[in-house]
Student: 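Have a look at this one.
Counting begins at 1 with the first residue of the sequence.
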Amino acid sequence: MKKKIYKANILFTKEKSHFEELENGYIAVDADGRVSGVSSDLASLDSEDAEVVDFGDRLLIPAMNDMHVHAPQVHNQGMAMDLELLPWLQHYTFPEEAKYADVNYAERMYRRFLHTQWLFGTMRSCVFGTIHTESTRLLMKMYEEVGMGALVGKVAMNRNCPDNLSEDVEAAIEGNERLIAEFNRPDALVRPIITPRFVPSCTPELLKACGELANKYKLPVQSHLSENTSEIAWVAELEPDSESYGDAYNRYGLFGQVPTIMAHCVWTRGNELELMKRNGVMVAHCPTSNFNIASGMAPVRTFLDEGLPIGLGSDISGGHDLNMFRMLVYAIQVSKMHYRHDNNKHFLTLPEVFWIATKSAGSFFGKVGSFEPGYDFDALVIDDSVLYPSEYSLVHRLERYVYLGDDRQIVHRFCRGKDIPEPKLSV
């Protein structure tokens with residue numbers, strides 16, 4: 001790529017308390033796709049041999065990160081929203097995921113999934129695949145083909161699931177190691193992530209093997225934590241020697257020994273919260289899923305005030321929406337309900353939740369989610385001309401886009417400096 005300088009109305013959150021605003025500002029992006037400078041003055045940037053691209057009155061913001069999403073559940077999106085977690089898994093999710101033994105079916109669905117992520121400007125994701133090695137490999141190759149970043153997990157499970165979604169420990173590790181050998185390259189946009197589905201679906205032997213695999217290859221870990229009260233009670237029966245659901249993961253080396261992200265944490269309190277803080281475990285807050293599956297409201301304000309790393313997740317198909325901008329709105333609304341019902345001191349503000357979705361979430365991938373020097377240029381160009389921008393400040397224009405806009409206003413999507421074209425829906 002050639003060195004470029006982009007001119008636009010620039011907004012990002014270096015700190016969670018406020019937006020950095022540059023009206024008619026400039027961002028310099030080196031040939032390696034990383035930001036080298038941001039300024040209101042073109043003359044202050046090294047513009048030698050750089051192409052200057054003027055986006056006019058449009059907004060330029062960091063791209064979205066989806067920190068918890070089940071790619072093989074895209075066909076079920078918007079379905080079975082009248083069930084709680086465990087029956088929803090048994091009657092809808094597991095039967096759908098079993099179909100991914102067929103690589104042709106997987107390709108059709110994964111193309112649909114990636115296209116929708118692209119539409120909504122999600123350039124990085126933490127993704128659950130299925131137990132199927134070849135279908136998971138296909139998803140990783142498709143992310144590479146499109147040019148979007150992802151940590152993709154071949155799901156591990158061997159109990160409390162249908163026989164056609166159960167894999168013995170040796171096969172699970174062998175399949176993961178095949179993907180690790182192919183995709184675990186330094187600085188790659190698409191890499192593996194160790195993915196035990198959750199404690200109830202993994203025997204102690206499988207959990208131990210996943211922890212050892214993560215440590216051996218220094219790979220990150222993702223799973224689910226304290227999503228549903230019935231699930232928590234089940235974990236207590238399965239792991240009676242553990243002090244909490246989180247401690248069950250911790251005992252197997254799956255709770256911060258390597259970078260770890262746990263989805264939901266709706267009922268995380270007390271010792272579990274303290275363990276997460278000590279181990280630096282990131283929370284993937286998934287508000288639509290928590291509402292749809294009647295799990296509850298995660299205490300995100302508490303997590304933020306306690307200094308936990310946080311990101312937002314769509315969690316389809318428990319969540320019904322792949323538009324991560326909607327997750328900003330729902331996260332604020334969840335926080336407001338906690339404020340009203342639990343006497344919290346204050347609820348999440350727009351800059352805080354934007355920071356959570358961009359810089360905080362992006363830290364799981366490296367220097368992602370901000371326009372500071374050295375950060376990957378993951379960015380969206382927003383044409384909000386249909387929303388009467390001349391009547392509003394830059395921050396209010398962004399707020400109105402978050403609440404009122406959709407994919408039609410996103411006119412460019414960048415990942416590590418590359419302008420990502422629309423992915424193909426068919427071969």
Student: Which residue in the set Arg326, Met64, Met324, His68 passes side chain to side chain contact (heavy atoms under 4.5 Å, CB included) when paired with Leu312?
Tutor: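 Single side chain to side chain contact (heavy atoms under 4.5 Å, CB included) partner of Leu312 among Arg326, Met64, Met324, His68: Met324.
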
Student: For the residue pair Asn158 and Cys202, what are the closest heavy atoms and their distance?
Tutor: OD1-CA, 3.5 Å

Student: Under the side-chain contact (heavy atoms from CB on, under 4.5 Å) criterion, do Phe364 and Ile193 qualify, and how do the steps go?
Tutor: CA-CA 12 Å; Phe364 203 74; Ile193 183 169; 4.2 Å; yes

Student: What about Tyr330 and Phe291, are their ring centers closer than 6.0 Å?
Tutor: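 No, they do not, as the ring centres are separated by 6.0 Å or more.
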
Student: Determine whether a donor-acceptor pair (N or O, by modelled atom type, separation under 3.5 Å) exists between the side chain of Trp118 and the backbone of Val146.
Tutor: no

Student: Side chain of Ser335, backbone of Leu348: donor and acceptor closer than 3.5 Å?
Tutor: yes

Student: Between the side chain of Lys3 and the main-chain N/O of Ala50, is any donor-acceptor distance below 3.5 Å?
Tutor: no

Student: Determine yes or no for a side-chain-to-main-chain donor-acceptor pair under 3.5 angstrom, with Trp267 supplying the side chain and Ser295 the backbone.
Tutor: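 Side chain of Trp267 to backbone of Ser295, a donor-acceptor pair under 3.5 Å: yes, one is there.
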
Student: For residues Phe198 and Tyr245, establish whether the separation of their ring centroids is below 6.0 Å.
Tutor: no

Student: Verify side-chain contact (heavy atoms from CB on, under 4.5 Å) between Leu189 and Cys415, making sure each step is shown before the conclusion.
Tutor: CA-CA 9 Å; Leu189 277 171; Cys415 185; 3.9 Å; yes

Student: Taking Lys154 for the side chain and Ile131 for the main chain, is one N or O donor matched with an acceptor at less than 3.5 Å?
Tutor: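 Yes, Lys154 side chain to Ile131 backbone: donor-acceptor pair under 3.5 Å.
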
Student: Check Pro196 against Leu254 and note the closest heavy-atom contact, atom names and distance.
Tutor: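 That would be CG-CD1, 4.2 Å.
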
Student: More than 12 heavy atoms of other residues, nucleotides or ligands under 6.0 Å from OH of Tyr92: yes or no?
Tutor: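 Not buried by this count: 12 neighbours or fewer within 6.0 Å.
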
Student: What residue pairs, at least two apart or across chains, pass salt bridge (charged side-chain N to carboxylate O under 4.0 Å, His left out) with a residue in residues 244-256?
Tutor: Glu239-Arg251

Student: Between Asn65 (side chain only) and Met67 (backbone N and O only), is there a donor and an acceptor less than 3.5 Å apart?
Tutor: no

Student: What heavy-atom pair brings Asn290 and Ala298 nearest, and what distance separates the two atoms?
Tutor: OD1-CB, 4.3 Å

Student: Can you measure from CD1 (Ile261) to OG (Ser223) and round to the nearest 0.5 angstrom?
Tutor: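 It is 11.5 Å, given to the nearest 0.5 Å.
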
Student: In sequence, state the C-alpha distance, the side-chain angles, and the governing distance for Leu304 and Trp355, and then conclude on side-chain contact (heavy atoms from CB on, under 4.5 Å).
Tutor: CA-CA 11 Å; Leu304 189 66; Trp355 177 87; 3.8 Å; yes

Student: Please check this pair: side chain of Ser385 against backbone of Asp383, looking for a donor-acceptor N/O pair closer than 3.5 Å.
Tutor: no

Student: Would you give the length of the straight line joining atom CG of Leu11 to atom OG1 of Thr358, rounded to the nearest 0.5 angstrom?
Tutor: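 It comes to 11.0 Å.
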
Student: Does a sphere of radius 6.0 Å around NZ in Lys7 hold more than 12 heavy atoms from other residues, nucleotides or ligands, not counting ones at 6.0 Å or beyond?
Tutor: yes

Student: With a 4.5 Å cut-off on side-chain heavy atoms, are Phe347 and His338 touching?
Tutor: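 Heavy-atom side-chain distance check fails, nothing below 4.5 Å.
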
Student: Please list all pairs passing the salt bridge (charged side-chain N to carboxylate O under 4.0 Å, His left out) test where one or both residues lie in residues 184-198, with sequence neighbours left out.
Tutor: Arg34-Asp187, Glu97-Arg197, Glu144-Arg185, Asp187-Arg416

Student: Answer with yes or no whether the side chains of Ser39 and Ser44 bring together a donor and an acceptor at under 3.5 Å.
Tutor: yes

Student: Using a strict 4.0 Å threshold on nitrogen-to-oxygen distance, state whether Glu21 and Arg397 make a salt bridge.
Tutor: no

Student: Taking NZ, NE, NH1 and NH2 as the nitrogens, is one of them in Lys367 or Glu372 under 4.0 Å from a carboxylate oxygen of the other?
Tutor: no

Student: Checking side-chain polar atoms at under 3.5 Å, does Thr268 have a donor or acceptor matched by the opposite partner on Glu272?
Tutor: yes

Student: Evaluate whether atom NE2 of His18 has more than 12 neighbouring non-hydrogen atoms of other residues, nucleotides or ligands under 6.0 angstrom away.
Tutor: yes

Student: Within the supplied structure, the quantity of interest is the number of heavy atoms (other residues, nucleotides, ligands) at a distance under 6.0 Å from Asn271 CG; does it exceed 12?
Tutor: no

Student: Quick one: are the ring centres of Phe303 and His285 less than 6.0 Å apart?
Tutor: no

Student: Go through it in stages, so that I can follow the logic: the residues are Phe12 and Lys359, the test is side-chain contact (heavy atoms from CB on, under 4.5 Å), and I'd like the CA-CA distance, side-chain angles, deciding distance and then a yes or no.
Tutor: CA-CA 9 Å; Phe12 63 103; Lys359 187 174 180 179; over 6 Å; no

Student: Would a 4.5 Å heavy-atom cut-off, applied to side chains only, mark Leu59 and Val381 as touching?
Tutor: no

Student: Please check if the side chain of Asn160 supplies one atom and the backbone of Ser201 the other of a donor-acceptor pair under 3.5 Å.
Tutor: no

Student: Just wondering, do Asp384 and Pro389 contact through their side chains at under 4.5 Å, heavy atoms?
Tutor: yes

Student: Quick one, Leu322 and Gln77 - any side-chain contact, counting heavy atoms below 4.5 Å?
Tutor: yes

Student: If only atom types and distance count, is the side chain of Arg413 paired as donor or acceptor with the main-chain N or O of Leu119 below 3.5 Å?
Tutor: yes

Student: Are the ring centres of Phe128 and His224 closer than 6.0 Å?
Tutor: yes

Student: With Thr93, which residues qualify under side-chain hydrogen bond (donor to acceptor under 3.5 Å, both in side chains), at least two apart?
Tutor: none

Student: To the closest 0.5 Å, what do you measure between CD (Gln117) and CG (Asn323)?
Tutor: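 That separation rounds to 11.5 Å.
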
Student: Give a yes or no on whether Lys208 atom NZ has more than 12 heavy-atom contacts from other residues, nucleotides or ligands under 6.0 Å away.
Tutor: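 Check fails, neighbour count at 12 or below.
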
Student: Under a 4.5 Å cut-off applied to non-hydrogen side-chain atoms, are Arg178 and Glu174 in contact?
Tutor: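 They are in contact (side-chain heavy atoms under 4.5 Å apart), so the answer is yes.
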
Student: Considering non-hydrogen atoms only, spot the tightest contact between Glu306 and Leu273 and give its length.
Tutor: CG-CD2, 4.3 Å

Student: Quick one, Tyr252 and Cys210 - any side-chain contact, counting heavy atoms below 4.5 Å?
Tutor: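 In short, these two side chains do not touch, never coming nearer than 4.5 Å.
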
Student: Can you tell me how far apart CG (Asp30) and CD1 (Ile5) are? Round to the nearest 0.5 Å.
Tutor: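 Rounded to the nearest 0.5 Å, the CG-CD1 separation comes out at 9.5 Å.
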
Student: What pair of heavy atoms forms the shortest contact from Ala71 to Leu139, and how long is it?
Tutor: CB-CD2, 3.9 Å

Student: Decide yes or no for Leu387 and Tyr392: does some side-chain heavy atom of the first lie under 4.5 Å from some side-chain heavy atom of the second?
Tutor: no

Student: Would you call Arg400 and Glu391 a salt bridge, using N to O less than 4.0 angstrom?
Tutor: no

Student: For the aromatic rings, using the six-membered ring if either is Trp, is the centroid distance between Phe377 and Phe371 under 6.0 Å?
Tutor: yes

Student: Could you check whether Asp378 pairs with Arg124 (Lys NZ or Arg NE/NH1/NH2 to Asp/Glu carboxylate O, under 4.0 Å)?
Tutor: yes

Student: Write down the atom of Thr122, the atom of Ser125, and the distance for their closest heavy-atom approach.
Tutor: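 Heavy-atom minimum between the residues: CG2-OG, 3.6 Å.
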
Student: Rounded to the nearest 0.5 Å, what's the gap from OH on Tyr401 to CZ on Phe325? Could you check?
Tutor: 5.0 Å

Student: Would you please say whether a donor-acceptor pair under 3.5 Å links the side chains of Ser317 and Asn76?
Tutor: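 No, no side-chain donor-acceptor contact under 3.5 Å.
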
Student: From Ile382 CD1 over to Leu60 CG, what is the distance, rounded to the nearest 0.5 angstrom?
Tutor: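 Result: 9.0 Å between the selected atoms.
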
Student: Are any side-chain N or O atoms of Thr116 and backbone N or O atoms of Arg112, one a donor and one an acceptor, separated by less than 3.5 Å?
Tutor: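 Yes, because the side chain of Thr116 sits within donor-acceptor range (under 3.5 Å) of the backbone of Arg112.
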
Student: State, yes or no, whether a side-chain contact exists between Tyr249 and Val221 at a heavy-atom distance under 4.5 Å.
Tutor: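 Contact flag for Tyr249/Val221 side chains = no.
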
